[in-house]
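Values below: all heavy atoms of this structure, side chains included; hydrogens, waters and symmetry mates excluded. So you know, we letter chains A, B, ... as the sequences are listed, proteins then strands, and number each from 1. The structure presented is a predicted model; accordingly, all values stated were derived computationally and were not measured.
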Amino acid sequence: MFPKTFYDIIAIEYSEGRKSLKQKIVIVDGNSLINRAYFAMSELKNSKGVYTGGAYGLIKMIMSLTEQFNPSHFCVAFDMKGPTKRHEAYAEYKGTRKGMPEELAMQMPIAKDLLDALKISRIEFQGYEADDLIGTLSKRALDEGFEVNVVTGDKDALQLVAIGARVHITKKGISELKLYTDDTVMEELGVHADQVIDFKGLSGDSSDNIPGIPGVGPKTAAKLLTQFKTVENLVSSFESVENKRIRGLVETYKEQALLSKKLATIMLEVPLDFTMDAFVIETPDSDVVVDRFRYYELSNLLQKYIASEDQHTEVKEIEYDLKPVSEIVETIKKNKAFDMKLYQDKTGDALVCASFCVNNKVFLAQDPNAINEMAPVFKDKNIAISGYDLKRDLLYLFKHDIDVDHCHFDGYIAAYLLDPSRRNYDLSEVYYEYTTQNLPSEEAVFGKGAKKKNFEDVDGKTIHVYAASEIFAIHKLNETFQSKLKASDLMDLFEGVEMPLVKILAEMEYTGFKVDMDQVNHIDGQLNEKLTEIEKAVYDLAGETFNINSPKQLGVILFEKLGLPPVKKTKTGYSTSHDVLEKLASKHPIISEIMDYRIYAKLKSTYIDGLKAVMDLENSRVHTSLNQTVTMTGRLSSTEPNLQNIPIRLPYGRKIRRFFVADEGCTLLDADYSQIELRILAHLSGDKVLIEAFRNELDIHAITASQVFGIDQSEVTGLQRSRAKEVNFGIIYGMGDYGLSESLGISRKEAKTYIENYFKSYPSVEGFMHGIIEKCKEKGYVETILKRRRAVPDIDAKNFMLRSSAERIARNTPIQGSAADVIKLAMIRVANALQEKGLKSKLILQVHDELILNVPNNELEDVKQLLKENMESAIDLKVPLKVDMSIGASWYDAK
DNA sequence: GAGCTCACGC
DNA sequence: GACGTACGTGAGCTCG
């Protein structure tokens with residue numbers, strides 16, 4: 001590590017792939033190089049008879065220039081057809097030039113097409129030659145502090161050495177370059193760089209048909225210029241020329257000499273409207289590049305491109321500048337946008353590094369205090385914060401009392417919306433996927449396994465390269481995602497739902513849920529007693545001790561030692577699942593003991609021990625992670641601990657909810673959407689019966705029962721209603737007759753009749769289910785009400801199992817995903833409403849169709865109303881949304 | 001450490 | 001005729 005006291009912020013001017021302290025531009029004379037390339041390889045033709053030698057040579061040159069110079073900016077200048085300003089001055093200008101050969105002319109569009117594919121900027125401008133554009137661009141770049149490299153085959157460009165450009169002239173074809181400095185110009189021409197135009201004014205140039213002074217060649221010109229410095233001086237004091245013959249020539253041709261100088265002078269002030277940003281090197285879409293190279297049959301270039309992609313990925317070294325924090329704050333304020341990534345230590349309490357990308361420039365801060373000084377930019381509503389997994393960053397900032405106004409763009413979320421089926425969204429993997437470039441691998445930097453280093457233990461340079469690469473990758477990736485989201489019609493969902501949610505989730509996690517440790521310990525004691533008791537009973541009945549938790553050992557006891565009939569098998573042996581045990585319950589008293597054991601063991605291990613392990617013991621709270629990029633349908637997930645699967649069904653398990661309590665002086669307010677998925681089904685299918693049922697607040701399961709069983713609603717029994725409820729669930733999940741028969745314990749035939757009756761009663765639902773499969777086959781994905789997408793690649797699979805599974809996904813995802821859309825909208829509305837009203841109440845948990853708030857007692861009435869209103873009006877559907885609410889001191893009581 | 005089974009929620 | 005309810009997290013065991 002570098003000693004902190006030396007600096008606050010490391011500023012790195014970082015160009016893609018590698019470092020460079022200074023911005024660097026390469027400017028190429030496209031016409032000059034393609035000409036040379038064409039004459040070097042004029043015979044190259046592809047299978048369609050198209051000549052490609054010129055384009056090939058130019059592009060090859062450009063690819064090797066990017067490797068060789070590793071510039072941040074690049075530009076290729078071209079001449080345009082038609083007369084130029086020089087022709088206005090001198091009609092015979094370039095009069096001896098033959099036109100471009102047809103075989104080369106036809107390659108110009110190819111070369112330009114390839115440059116576009118490679119995302120190399122090019123310029124051309126009516127009335128001006130490539131030279132003038134190069135001159136103008138060079139001057140501007142130099143004024144802005146760039147290192148300028150001009151590459152051409154034309155020695156006219158040597159005059160640009162005088163303004164400070166590095167001019168590289170091709171040697172022998174185009175394979176070698178020679179860099180000219182003032183000294184080398186002197187060696188070769190015998191004049192200084194700033195005399196090159198004077199030199200040409202005297203000696204002329206036959207290729208451009210610049211006359212100069214007839215009879216004055218390079219040697220004489222150099223000699224004269226050594227004495228007189230410029231053409232103007234020579235003309236005004238030609239009497240001083242010693243040689244009589246030359247004196248006469250100068251006198252006769254002085255006007256022509258002045259004109260020639262003018263013609264040879266490259267313009268530095270072409271009226272072009274541009275900023276240097278236009279020439280920043282962008283990462284090309286490699287699919288497009290590969291496609292173009294294939295199309296023109298340039299297999300050499302294709303291979304070179306693929307090879308270069310594989311290497312120029314790692315940042316080898318960076319140079320850095322030490323800057324005060326105030327500078328980055330100023331830069332951000334000026335730029336109004338920045339990318340950020342915070343590197344936290346294991347505990348999340350301290351920052352080990354922070355990286356920023358502002359206007360293509362990378363800053364690294366190692367001193368945690370730098371962040372505190374930056375607080376004003378975080379809470380400025382006019383500054384756009386972007387990053388990758390911003391929720392993590394926000395959590396750090398919240399912990400350190402730094403407020404954040406809003407998050408603008410999170411690549412982590414964008415990657416999720418673009419493909420919610422991915423297993424993980426690690427930056428390096430996503431970056432590779434979208435750019436085919438590798439970041440310095442985590443493994444290379446930190447090692448792996450037990451020897452894995454902490455961030456702060458990696459040596460300074462390596463870690464700087466790592467951090468700089470990551471933030472730069474984030475910046476690049478987010479640019480790519482902008483257009484990808486638009487192209488997939490996901491921008492509204494991204495901006496309107498997912499991005500606002502990032503901050504809300506961070507706040508919920510930060511707030512956490514208060515836990516009553518006395519309750520936890522109380523239940524823990526009870527469970528320990530029960531488990532010891534049951535264990536003893538099981539061992540007595542089995543006649544030996546064994547591990548009840550091991551399905552394998554349990555299988556041996558039940559099916560071999562006790563001789564019970566094995567109902568079902570798994571890949572690894574006997575199944576001892578709940579269903580199986582249920583079927584055996586009457587056959588042996590050990591079964592019910594084992595079933596009880598399982599109930600209590602689950603509660604103990606998952607909900608007591610598991611909870612204790614992740615508790616913040618200092619203030620008795622749990623801070624779950626609400627993950628936004630996990631589920632394939634758009635739901636949130638909850639981890640460490642999972643608060644979305646706290647027991648509720650069994651009375652004893654339900655007591656776990658007593659652990660989760662309101663803060664002092666507060667009450668928990670729990671609101672859940674009633675039948676949200678069925679309501680969404682009613683909306684999506686447009687089914688009249690369903691819609692009417694919900695509009696009239698009828699008992700939907702009772703209605704389904706009366707339809708399915710063909711009886712009057714008043715005659716529906718409790719059993720029939722609960723069966724109908726199962727049918728309704730089954731429909732949402734895309735269940736078949738077998739599944740329904742299993743879950744209801746009825747015959748398959750009976751189940752089939754139920755489903756048939758269901759679809760007869762709700763014909764639009766059947767139509768919807770059928771339609772969604774068709775649409776999925778056509779588009780390859782399904783979507784929710786807010787246009788959230790999920791790809792379903794197996795919808796056309798030959799394999800029955802794969803295909804049926806895909807069909808179930810296609811039927812379920814629009815329903816489950818739309819419900820997720822709705823509650824996300826509701827969360828945003830609720831959070832905004834609470835903030836606008838300045839209320840202290842806080843959202844603390846979401847469980848798919850349920851929101852839990854911690855409400856100060858004096859706000860209870862207001863917040864109840866606010867919550868219900870905002871949830872019920874979150875979205876406009878063909879059916880009303882209904883919210884049920886309850887309150888309590890603990891989650892158990894709030895039911 | 002990966003993969004399996006089991007159990008909890010919606 | 002197949003195969004056999006969506007979406008998750010976590011614990012514990014077993015194997016390598």
Side-chain angles (χ1 to χ4, degrees), chain A residues 420-421 448-450 546-555 568-581 594-595 597-611 613-614 624-627 630-650 652-654 656-657 672-673 675-677 681 726-744 748 751-752 755 782 790 792 797-817 819-820 823 845-850:
Chain A
S421 305
K448 68 166 187 177
F546 65 101
N547 186 348
I548 309 171
N549 286 319
S550 162
K552 198 179 167 187
Q553 292 182 39
L554 181 61
K568 210 164 68 177
K569 282 200 167 185
T570 65
K571 279 177 221 161
T572 45
Y574 307 109
S575 170
T576 64
S577 68
H578 190 259
D579 302 2
V580 173
L581 296 185
I594 290 167
M595 290 171 80
Y597 179 87
R598 286 224 174 126
I599 291 170
Y600 297 120
K602 171 76 180 174
L603 295 177
K604 163 80 175 156
S605 69
T606 304
Y607 300 105
I608 306 273
D609 299 345
L611 184 67
V614 294
T624 185
S625 291
L626 293 165
N627 312 300
V630 172
T631 73
M632 296 188 265
T633 54
R635 276 186 176 179
L636 299 177
S637 89
S638 160
T639 51
E640 287 189 308
N642 180 355
L643 292 184
Q644 289 180 325
N645 73 342
I646 303 300
I648 188 162
R649 289 186 185 167
L650 298 173
Y652 194 81
R654 191 169 188 154
I656 299 288
R657 297 190 171 223
D672 70 296
Y673 278 115
Q675 310 285 7
I676 188 160
E677 291 188 335
L681 177 63
E726 291 286 338
V727 174
N728 277 328
F729 273 110
I731 294 298
I732 290 169
Y733 294 152
M735 196 192 277
D737 51 9
Y738 179 87
L740 189 61
S741 72
E742 283 288 291
S743 77
L744 290 178
R748 212 171 139 171
K752 200 174 169 208
I755 292 173
V782 288
R790 174 181 182 183
V792 189
K798 299 262 191 303
N799 179 304
F800 174 85
M801 195 160 77
L802 278 180
R803 191 176 62 252
S804 336
S805 172
E807 287 171 0
R808 286 192 293 274
I809 288 169
R811 287 194 289 261
N812 173 259
T813 299
I815 301 171
Q816 187 184 124
I823 195 153
L845 191 62
Q846 185 251 50
V847 191
H848 309 310
D849 63 356
E850 172 185 8

Exercise. What distance, rounded to whole Å, do you find between the two P atoms, one in C:dC3 and one in B:dC8?
Worked result: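 Per the computed distance, 29 Å lies between those P atoms.
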
Problem set entry | Gap in Å between the two C1' atoms, one belonging to B:dA7 and one to C:dA2, rounded |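 Approximately 30 Å lies between the C1' atom of B:dA7 and that of C:dA2.
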
To the nearest Å, how far apart are [X] [atom1] and [N] [atom2]?
X: A:I823; N: B:dC10; atom1: CD1; atom2: P; value: 12 Å
X: A:M595; N: B:dT5; atom1: CE; atom2: P; value: 19 Å
X: A:N799; N: C:dG1; atom1: CG; atom2: C1'; value: 13 Å

Problem set entry | Derivation and outcome, side chain to side chain donor-acceptor pair (under 3.5 Å), residues A:T633 and A:Q816 | CA-CA 7 Å; A:T633 54; A:Q816 187 184 124; 2.8 Å; yes

Seminar exercise, completed: Once base and sugar-phosphate atoms are separated, protein heavy atoms under 4.0 Å mark nucleotides 6-13 of chain C, 5' to 3', with B, S and - as BBBBBSSS

Exercise. Do any N or O atoms from the side chain of A:T639 and from the backbone of A:N642 form a donor-acceptor pair under 3.5 angstrom?
Worked result: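 Looks like no, no N/O pair under 3.5 Å.
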
Side chains of residues 727-737 of chain A: which donor-acceptor partners sit under 3.5 Å, not counting sequence neighbours?
| from | atom 1 | to | atom 2 | distance (Å) |
| --- | --- | --- | --- | --- |
| A:N728 | OD1 | A:T704 | OG1 | 3.4 |
| A:N728 | ND2 | A:H701 | ND1 | 2.9 |
| A:N728 | ND2 | A:T704 | OG1 | 3.2 |

For this session: Classify the nucleic acid contact of A:R598 as base, sugar-phosphate or nothing, counting any heavy atom under 4.0 Å across all strands shown.
Result: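 Sugar-phosphate, no base atom in range.
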
Exercise. Is the closest side-chain donor-acceptor distance between A:R808 and A:T813 under 3.5 Å?
Worked result: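 No.
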
For this session: Find the partner of C:dA2: check Watson-Crick (N1-N3 plus N6-O4 or O6-N4) and G-U wobble (N1-O2, O6-N3) distances, both under 3.5 Å, and reply none if neither fits.
Result: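 None - no nucleotide pairs with C:dA2, as no candidate has both distances under 3.5 Å.
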
Exercise. With side chains defined as the heavy atoms from C-beta onward, is the minimum distance between A:S638 and A:N627 less than 4.5 Å?
Worked result: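 Side-chain contact under 4.5 Å: no.
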
